[in-house]
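First up is the structure itself, then whatever we jot down about it.
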Amino acid sequence: MEHAEEDEACLEKTQRYHVERPIYNEELLQGQLHRRERAPQTLRQKIAHSCRCSSKKAKSHLYSCLPILKWLPRYPVREYLLGDIISGISTGVMQLPQGLAYALLAAVPPVFGLYSSFYPVFLYTFFGTSKHISIGTFAVISMMVGGVAVREVPDEISSIGYNSTNVTDSLESYSARDAKRVQLCLGLLRFGFVAIYLTEPLVRGFTTAAAVHVFTSQLKYLLGVKTNRYSGPLSVVYSIAAVLSKITTTNVAALIVGLTCIVLLLIGKEINLRFKKKLPVPIPMEIIVVIIGTGVSAGMNLSESYRVDVVGNIPQGLRAPAVPMIQLIPAIFVDAIAIAIVGFSMAVSMAKIFALKHGYTIDGNQELIALGICNSVGSFFQSFSITCSMSRSLVQESTGGKTQIAGTLSSIMVLLVIVAIGYLFEPLPQTVLAAIVMVNLKGMFKQFGDVAHFWRTSKIELAIWVVAFVASLFLGLDYGLLTAVAFAMITVIYRTQSPQYRILGQIPGTDIYCDVEEYEEVKECPGIKIFQANASLYFANSESYTSALKKKTGVDPCAILAARRKAQKRHAREVKKANKLRKKAVLKLMNSSSNDMEASVKHEIANEELPVNGKFASVDVSVQDTSPDEHEHFVEPKANIHSLILDFTPVNFVDSVGAKTLKSIIKEYKEVGVGVCIASCGGPVLNELTRLNFFDDTVTRELLFHSIHDAVLACQGIDGSVSQPDLDL
């Protein structure tokens with residue numbers, strides 16, 4: 001009672017609106033509106049308009065292609081510079097060890113990881129639109145690039161005759177250029193929207209499987225065993241089996257060093273997490289571990305004394321640009337597409353998160369172009385494919401980074417290592433790099449918690465996550481991604497094929513209509529059914545739409561017509577039989593000369609039972625001829641409603657099959673005395689119906705109403721039972 005009183009008090013305080021207007025159907029509404037006159041442009045005029053250039057348009061295009069020209073002149077030095085410097089240094093000390101580590105994943109010499117952490121990162125400052133993401137090496141992309149090398153190098157060696165190192169180097173650099181050429185072309189063609197098809201459950205399931213791939217690939221470096229590298233379907237199974245088969249040859253020294261580094265890194269990450277609000281910058285445990293590992297390795301001569309694999313030669317200075325081998329294009333083009341799409345998806349997803357948090361926008365098409373340019377140029381300098389790193393981006397943002405200047409400073413730090421002190425890291429054990437890679441996968445492994453989350457929220461998204469994970473784990477990252485995208489598309493089709501159907505009713509005293517099964521206060525309008533489906537009407541769901549309509553309304557025109565025809569035939573047989581029996585009785589009465597016999601016959605016939613409508617009824621043949629009209633109520637099955645309203649509010653489009661289905665519904669229900677009208681049909685849907693020749697002499701625009709309430713009032717007026725509404729409309 002208290003809640004009811006509170007609700008009534010709230011209703012009294014709320015604002016109210018009163019509108020008095022005609023009941024609008026589409027014909028009446030269009031008669032009062034006047035369309036704006038638009039002169040159609042010819043193809044020549046359209047081309048001329050698109051090619052027309054002005055100073056304003058040229059400036060806009062220049063700013064779009066080079067975003068740095070827009071924000072750099074307005075750069076507030078005093079406000080932003082200190083934060084960008086601290087952020088750049090913090091990110092740079094992460095770029096260095098991760099570049100070395102992820103080069104192992106890409107199956108290239110470690111120095112190539114440093115190149116990949118410099119050239120693309122520096123170029124992104126000029127072309128990127130995100131102020132906070134950290135471009136550079138990333139475990140998943142490096143793993144995909146390495147898989148290309150493992151699969152394609154042997155064939156290229158046999159066909160071209162190059163040595164393994166040269167072919168691998170060219171393959172990696174060309175895979176970067178080919179992948180980013182795909183990105184560049186997609187960006188120029190304004191294909192930035194493709195990221196929407198890589199839904200979050202798909203990406204998270206895919207990256208979780210990629211984390212398992214990366215982790216298993218690093219086991220041999222952690223244990224110090226020698227095994228082959230596998231790629232393609234079941235590569236995870238083969239890798240684990242190969243490591244287990246060589247487990248007896250484990251290098252104990254390498255294992256101890258690796259496990260020690262893992263412990264130190266985990267402790268450092270935990271400290272950074274717990275005291276992130278108190279620490280001015282995160283503790284750079286990765287570079288600390290690299291320095292300690294390098295020092296211990298050099299001091300104890302681990303390479304010679306304990307046969308621990310080390311990084312080896314790191315040439316000083318930058319290498320001259322080189323054109324990758326053209327012969328490799330057919331071998332890696334399909335893989336390049338997968339790498340390009342995954343790389344762009346990672347970058348744009350992270351960029352959107354930071355843009356939303358800090359109140360600015362990013363351009364998806366420009367991000368495609370930026371990644372394409374950065375890696376296309378970098379591929380000439382032995383860079384492999386890169387994208388946004390989640391861990392480094394979080395550090396760059398949390399340490400005060402404001403603009404792309406932070407990324408530029410981090411790339412300059414890597415450049416100093418390349419040209420000056422890179423040789424100092426030559427004794428670094430590979431097991432240390434493996435430890436860095438494994439610990440950085442911690443965040444991805446936490447994504448296994450998505451299973452419980454999606455189980456509670458959406459079974460379909462859970463299915464997408466599981467399919468993406470399982471397919472990517474066992475089929476490989478390339479085929480796994482393709483399978484996951486195909487499955488995600490199927491779920492979209494499934495959802496539109498199986499929408500939710502509901503019958504709407506009116507909240508008394510309002511023009512608001514809700515699901516009658518959802519709320520107790522909602523009441524159906526007498527004699528009127530309001531049907532709604534939360535999907536468009538097209539070839540894939542037209543049959544289910546019709547079936548649900550008949551089931552929800554309780555009126556099946558086909559069944560009613562069939563029952564009516566059956567009843568009419570049965571009634572005709574009964575009338576015919578009754579007439580024969582009457583004539584026979586009359587004839588007997590006329591030929592009889594005895595009143596007693598006449599009375600006896602009358603009594604006999606009067607008491608005879610005749611079947612009527614499946615029952616038996618006594619017929620008095622002494623009465624006049626039985627008229628078929630007397631049995632009308634037996635043979636005319638009727639619907640219990642007089643009007644059906646189809647709510648088209650959720651409908652976005654109707655195709656030709658949907659239009660035919662809609663027309664068939666109107667015709668079938670009309671035959672059983674039920675009028676059908678359409679409410680809240682949007683302009684684009686109305687245009688599609690017009691283009692599909694939906695309207696004719698029998699189906700006019702008068703059946704379309706501006707709102708559900710307009711349709712309800714019109715249907716009540718047709719029935720003659722309309723009373724004064726509870727509100728003025």
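What you are looking at is a predicted structure, and each value in this text was computed from that prediction instead of being measured.
- Formation of a donor-acceptor pair under 3.5 Å by the Glu426 side chain with backbone atoms of Asn313 is not found in this model.
- Under the 30°/60° scheme for interplanar angles, the aromatic rings of Phe448 and Phe469 are found to stand perpendicular.
- Considering only heavy atoms from C-beta on, Met413 stays 4.5 Å or farther from Leu96 through its side chain.
- Judged by distance alone, the side chain of Ser376 and the main-chain N or O of Ile373 form no donor-acceptor pair under 3.5 Å.
- Residues Thr399 and Ser90 come closest through the heavy atom pair CG2-OG, 4.0 Å.
- Within the 4.5 Å cutoff, no side-chain heavy atoms of Val296 are placed close to those of Val257.
- When side chains are defined from C-beta on, Phe425 does not count as touching Val311, because their heavy atoms never get closer than 4.5 Å.
- Separation of atoms SG (Cys374) and CD1 (Ile369) is listed at 11.5 Å; rounding is to 0.5 Å.
- Sorted by first and then second residue, the salt bridge (charged side-chain N to carboxylate O under 4.0 Å, His left out) pairs involving residues 241-255 (not counting sequence neighbours) form an empty list.
- Each salt bridge (charged side-chain N to carboxylate O under 4.0 Å, His left out) pair with one or both residues in residues 248-274, not counting sequence neighbours, appears once here: Glu270-Arg274.
- In this structure Tyr102 satisfies the side-chain hydrogen bond (donor to acceptor under 3.5 Å, both in side chains) test with no other residue, sequence neighbours excluded.
- The side-chain hydrogen bond (donor to acceptor under 3.5 Å, both in side chains) test applied to Ser303 returns no partner, not counting sequence neighbours.
- For Ser217, there are no side-chain hydrogen bond (donor to acceptor under 3.5 Å, both in side chains) partners two or more places apart in sequence or in a different chain.
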Verdict with supporting geometry, Ile464 and Phe487, side chain to side chain contact (heavy atoms under 4.5 Å, CB included)
CA-CA 7 Å; Ile464 294 174; Phe487 182 78; 4.0 Å; yes
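- Looking at heavy atoms from C-beta onward, Phe454 lies out of side-chain contact with Val466 at the 4.5 angstrom threshold.
- Side-chain polar atoms of Gln366 and Thr129 form no donor-acceptor pair below 3.5 angstrom.
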Mind running side chain to side chain contact (heavy atoms under 4.5 Å, CB included) on Gln404 and Lys131 for me, showing each step along the way?
CA-CA 5 Å; Gln404 293 90 322; Lys131 301 177 181 179; 3.9 Å; yes
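- Asp309 places no side-chain N or O within donor-acceptor distance of the main-chain N or O of Pro429, the cut-off being under 3.5 Å.
- A distance-only check finds a donor-acceptor pair linking the side chain of Ser87 to the backbone of Gln396 [under 3.5 Å].
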Candidate pair Thr137 and Ser142, rule side chain to side chain donor-acceptor pair (under 3.5 Å), full reasoning
CA-CA 7 Å; Thr137 54; Ser142 301; 5.6 Å; no
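- In this structure, the side chain of Ser458 engages the main chain of Glu461 through a donor-acceptor pair within 3.5 Å.
- Here CZ of Phe206 is found 11.5 Å from CD of Gln447. Values are rounded to the nearest 0.5 Å.
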Indicate every side-chain donor-acceptor pair of residues 278-294 with a distance under 3.5 Å to a residue at least two apart or in another chain.
{"unit_1": "Glu286", "atom_1": "OE1", "unit_2": "Gln98", "atom_2": "NE2", "d": "3.4"}
{"unit_1": "Glu286", "atom_1": "OE2", "unit_2": "Gln98", "atom_2": "NE2", "d": "3.3"}
{"unit_1": "Glu286", "atom_1": "OE2", "unit_2": "Asn440", "atom_2": "ND2", "d": "2.8"}
{"unit_1": "Thr294", "atom_1": "OG1", "unit_2": "Val290", "atom_2": "O", "d": "2.7"}

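- Taking CG of Leu394 as the reference point, atom CD1 of Ile133 lies at 12.0 Å (rounded to 0.5 Å).
- For Thr227, there are no side-chain hydrogen bond (donor to acceptor under 3.5 Å, both in side chains) partners, not counting sequence neighbours.
- No donor-acceptor distance shorter than 3.5 angstrom exists from the side chain of Ser134 to the backbone of Ser393, with no hydrogens or angles considered.
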Please set out all donor-acceptor pairs under 3.5 angstrom arising from side-chain atoms of residues 430-437, sequence neighbours excluded.
{"unit_1": "Gln430", "atom_1": "NE2", "unit_2": "Val310", "atom_2": "O", "d": "3.3"}
{"unit_1": "Thr431", "atom_1": "OG1", "unit_2": "Ala254", "atom_2": "O", "d": "3.1"}

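- Side-chain contact between Phe474 and Val236 is absent, with no heavy atoms from C-beta onward closer than 4.5 Å.
- In this structure, Glu397 pairs ionically with Lys357, as a charged nitrogen and a carboxylate oxygen lie closer than 4.0 Å.
- Applying the salt bridge (charged side-chain N to carboxylate O under 4.0 Å, His left out) test to pairs two or more places apart or on separate chains, those with a residue in residues 435-457 are Arg204-Asp450.
- Within the 3.5 Å criterion, the main-chain N or O of Ile247 finds a donor-acceptor partner in the side chain of Thr250.
- Counting only distance, with no hydrogens or angles, the side chain of His132 and the backbone of Ala355 share no donor-acceptor pair below 3.5 Å.
- A donor-acceptor contact shorter than 3.5 Å is absent between the side chain of Ser410 and the backbone of Thr91.
- Listed here is the closest heavy atom pair of Ala139 and Val214: O-CG2, 3.9 Å.
- We find the CG-OH distance between Leu318 and Tyr115 to be 6.5 Å, quoted to the nearest 0.5 Å.
- Across Leu255, Thr249, Val252, a single residue satisfies side-chain contact (heavy atoms from CB on, under 4.5 Å) together with Leu223, and that is Leu255.
- Taking 4.5 Å as the limit, some side-chain heavy atom of Asn301 sits within range of a side-chain heavy atom of Glu304.
- Pairs engaging residues 384-393 under the salt bridge (charged side-chain N to carboxylate O under 4.0 Å, His left out) rule: none recorded [sequence neighbours left out].
- The ring pair (Phe, Tyr, Trp, His ring centres under 6.0 Å) analysis of residues 253-274, with sequence neighbours excluded, yields no pairs.
- Between the OG1 atom of Thr208 and the CG atom of Leu441 there is a distance of 10.5 Å, given to the nearest 0.5 Å.
- The closest side-chain heavy-atom distance from Gln218 to Leu105 is below 4.5 Å.
- For the atom pair CG (Leu481) and CG (Leu475), the distance works out to 11.5 Å, reported to the nearest 0.5 Å.
- No donor-acceptor distance shorter than 3.5 angstrom exists from the side chain of His453 to the backbone of Leu462, with no hydrogens or angles considered.
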Report, one line per pair, each donor and acceptor closer than 3.5 Å where one atom sits in a side chain of residues 116-124; sequence neighbours left out.
{"unit_1": "Ser116", "atom_1": "OG", "unit_2": "Phe112", "atom_2": "O", "d": "2.9"}
{"unit_1": "Ser116", "atom_1": "OG", "unit_2": "Phe384", "atom_2": "N", "d": "2.9"}
{"unit_1": "Ser117", "atom_1": "OG", "unit_2": "Gly113", "atom_2": "O", "d": "2.9"}
{"unit_1": "Tyr124", "atom_1": "OH", "unit_2": "Ser130", "atom_2": "N", "d": "3.4"}
{"unit_1": "Tyr124", "atom_1": "OH", "unit_2": "Glu367", "atom_2": "OE1", "d": "2.8"}
{"unit_1": "Tyr124", "atom_1": "OH", "unit_2": "Glu367", "atom_2": "OE2", "d": "3.1"}

